[in-house]
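In what follows, chains are A, B, ... by sequence order, proteins preceding strands, each numbered from 1. We use all heavy atoms of the structure for the numbers below, so side chains are in, but hydrogens, waters and symmetry mates are not. If you're wondering where the values come from, they're calculated on a predicted model, not measured in any experiment.
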Number of protein chains: 2
Amino acid sequence: MARKLDDLLERLGDATDLSALDSAVFDLRDRYDVEHLVYHSVKSSGDQWAALTYPQPWVDAYVENNFQTIDPVVLSCFRGFTPVDWKRLDWSSRPARALFGEGIANGLGNQGFSLPIRGPSGQFALFTVNHRSGDDTWGKFTRGYMHDLLLAAHFVNERALALDGEGHAPHQALSPRETDALTLLAAGKSRAQAAERLKISEHTLRVYIESARFKLGALNTTHAVANALSRGLICL
Amino acid sequence: MARKLDDLLERLGDATDLSALDSAVFDLRDRYDVEHLVYHSVKSSGDQWAALTYPQPWVDAYVENNFQTIDPVVLSCFRGFTPVDWKRLDWSSRPARALFGEGIANGLGNQGFSLPIRGPSGQFALFTVNHRSGDDTWGKFTRGYMHDLLLAAHFVNERALALDGEGHAPHQALSPRETDALTLLAAGKSRAQAAERLKISEHTLRVYIESARFKLGALNTTHAVANALSRGLICL
DNA sequence: TTTTCCCTCCCCCAAAATAGCGAGGAGCAG
DNA sequence: CTGCTCCTCGCTATTTTGGGGGAGGGAAAA
C-alpha cells in the first residue's frame with residue numbers, strides 16, 4: 001500500500017517549483033479517491049499560497065472573508081501537533097457552522113482530517129484530506145490510509161516549506177558576543193542585566209547590540225532580536 | 001516494508017507515557033538494525049529530555065558541555081525544515097570536528113540523518129538515525145528505509161510533543177490588535193510609527209503592548225516580541 | 001442580563017535605550 | 001608588518017519606553 005506512494009515521493013523530492021507540488025496533490029487525490037486534498041500555507045514570511053484541489057469559488061470566498069481566522073480546523077491545528085479529525089472539533093459557534101455549510105455548498109466533503117506543519121521562521125501550513133462519506137466509512141478510511149496520507153503530507157509539506165523558504169537571506173553571522181547579547185535581550189534582560197551577566201560594562205554590551213543591529217540591518221534592538229530569532233541565529 | 005511498522009505505530013498511538021516511547025525507539029533500532037536512534041527535545045518550555053539509544057556517557061558529556069550550541073546537526077536542523085544527512089553538513093570548524101570525533105569515540109556511528117520537528121509553543125525536537133557504514137552502504141540504506149524511518153520519526157515526534165505539551169498552559173492567544181502591535185514592533189517600528197500605521201493613538205498602542213507583555217509573561221517589549229515569535233503568534 | 005473581554009483615548013514622570021563623539025589591545029590572515 | 005575583526009571601556013545629550021493612574025463604548029459570551 002505504501003509502495004503506491006514511492007514514485008510520487010520520488011517526484012516530490014525532485015520538485016523544483018510549486019506547480020510540481022500542485023500536480024502531485026492532484027495525483028494523490030486520484031490515487032486515494034478522496035474528495036479533496038489541500039496544502040495551505042497559512043502563515044509565512046512571503047505571500048500565502050496553496051496547492052489544492054478545492055474549487056476556485058470556495059478558495060476565493062475563503063480568502064476574501066479571512067475564514068482562516070474563524071475556521072476551527074486552522075485554529076485547532078495551530079495550537080496542536082497532531083492530526084485533527086474534523087468531526088472531533090467544536091463546530092458549535094455560529095461562524096463555524098456557517099463556514100462548514102458554505103464549504104459543503106461549494107462541493108467540499110463532510111469529513112476531513114488536517115495535519116499542522118511548522119517551519120523555522122514561524123511558517124505554518126496545513127495539509128488536509130477531505131472526503132464525502134458517513135462516519136463508519138470514514139473511520140475505515142482513516143484507519144486504512146491514514147499512514148500513507150500522513151507520509152505524503154509530510155513530504156508535500158517539507159517540499160513546500162523548502163521551496164517557500166528558498167528566497168530567505170543568506171544571513172550574516174554574528175560574533176559570539178553579539179549572539180550572547182541578543183540572546184540575553186531576547187530573554188527579557190535589560191542592557192544592565194545582560195552586561196552584568198556577561199561580566200562586561202554596559203557600554204561594551206551596547207557596542208555589541210549596535211554592531212549586531214548593523215549586521216542584521218535592524219532599526220532597533222527589538223527588530224534585531226526578531227531578525228536573529230527568525231533567522232535561527234539565536235534561540236530562547 | 002512499511003507494514004513492518006504498523007504494530008509499532010499502533011503502540012505509539014496508545015502510548016501514555018515516555019517510557020513507552022523509549023521502548024518504541026529501542027524496538028525501532030532493532031527492526032532496522034541501525035546503530036542508534038535518538039529523539040531529542042532540544043527546546044521546550046519544560047525541561048529538555050530525550051528518548052534515545054545513545055550510551056549514557058556520551059549523553060552526559062553532550063549535556064554537560066552544551067554541545068547542542070555547536071553541533072552542526074542541531075544548528076542546521078534548527079534553521080531548516082527538511083531531513084538533514086550528516087555528511088552534507090559543514091564539519092570544518094574545529095569544535096564541530098572535535099564533537100564528531102568524541103561521538104565516534106563514544107560508540108556512535110559515522111553516518112546519520114536527522115529530522116527537525118516543531119510544536120506550537122516553539123518546541124523544537126530532533127529525531128536522528130545513526131548508523132555505522134561506508135558512504136555507498138549508507139546511500140542504499142537511506143534510499144531503502146528513509147520513508148519508513150521518517151514515518152516512524154513523525155509518529156514518535158507527534159507522540160512525544162503531545163506528551164511533552166500536556167502539562168503546558170494552552171498559552172493565551174493574543175487579541176488581533178495585540179498581534180498587530182507586536183508584529184509592527186518586530187518589524188522595527190517604534191511605538192509612534194506603529195501607532196500611526198494602525199491609525200490609533202500611541203497611548204492605545206501602548207495599552208496593547210502592555211497587555212501582550214502581560215499575557216506572554218514578558219518583562220519588556222523585546223522579550224514579548226521574542227516570545228511571540230518563537231511561539232508562532234506573530235511572524236515577520 | 002450581567003459579565004467579560006476588546007478597543008479606544010488621556011495624564012505625568014522616572015527609567016531605559018539610542019545617537020554621537022571617542023580610545024586602546026588581542027588575535028589572525030595576507 | 002599591515003590591515004582586519006573582535007573585545008573592551010569612557011563621556012553627554014536626546015529620544016523612546018515603562019509604570020502608575022484613569023474612563024467610556026461595543027460586542028460576545030455566560
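Checking the phosphate oxygens (OP1, OP2) of dT17(D), a side-chain nitrogen or oxygen of Arg191(B) falls inside 4.0 Å. Considering only side-chain N and O atoms, Arg213(B) lies under 4.0 angstrom from the phosphate OP1 or OP2 of dG19(D). Listed pair Lys215(A) / dC6(D) meets the phosphate criterion, a side-chain N or O lying under 4.0 Å from OP1 or OP2. In this structure, Ser201(A) reaches the dC9(D) phosphate: one of its side-chain N or O atoms is under 4.0 Å from OP1 or OP2. Here Tyr208(B) does not reach the OP1 or OP2 of dC6(C): none of its side-chain N or O atoms lies under 4.0 Å away.
One interatomic measurement links the two molecules: CZ of Arg206(B) to P of dC10(C), which rounds to 12 Å at whole-angstrom precision.
Under a cut-off of 6.0 angstrom, the local environment of CD in Glu35(A) is crowded, with over 12 non-hydrogen atoms contributed by other residues, nucleotides or ligands.
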Could you write out each protein N or O paired with an N or O of nucleotides 23-30 of chain D at a distance under 3.5 Å?
none

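Side-chain contact, Asp135(A) with Gln111(A): a donor N or O sits under 3.5 Å from an acceptor N or O.
In this structure, Thr222(B) and Thr204(A) both approach DNA chain D, and ranking their closest nucleotides by distance from the 5' end singles out Thr204(A). Comparing Ile200(B) and Ala192(A) along DNA chain C, the residue whose closest nucleotide (by nearest heavy atom) sits nearer the 5' end is Ile200(B).
Looking at heavy-atom distances under 4.0 Å, Ser190(B) makes contact with sugar-phosphate atoms alone, never a base. Thr221(B) comes within 4.0 angstrom of the backbone, heavy atoms only, and of no base. Within the 4.0 angstrom heavy-atom criterion, only backbone atoms of the sugar-phosphate kind lie near Arg177(A); the bases stay farther away. Among the heavy atoms of the strands lying under 4.0 Å from Ser175(B) are primed sugar atoms or P, OP1, OP2 only; no base atom is included.
The minimum heavy-atom distance linking Ile209(A) with Ala181(A) is given by the pair CG1-CB, 4.4 Å.
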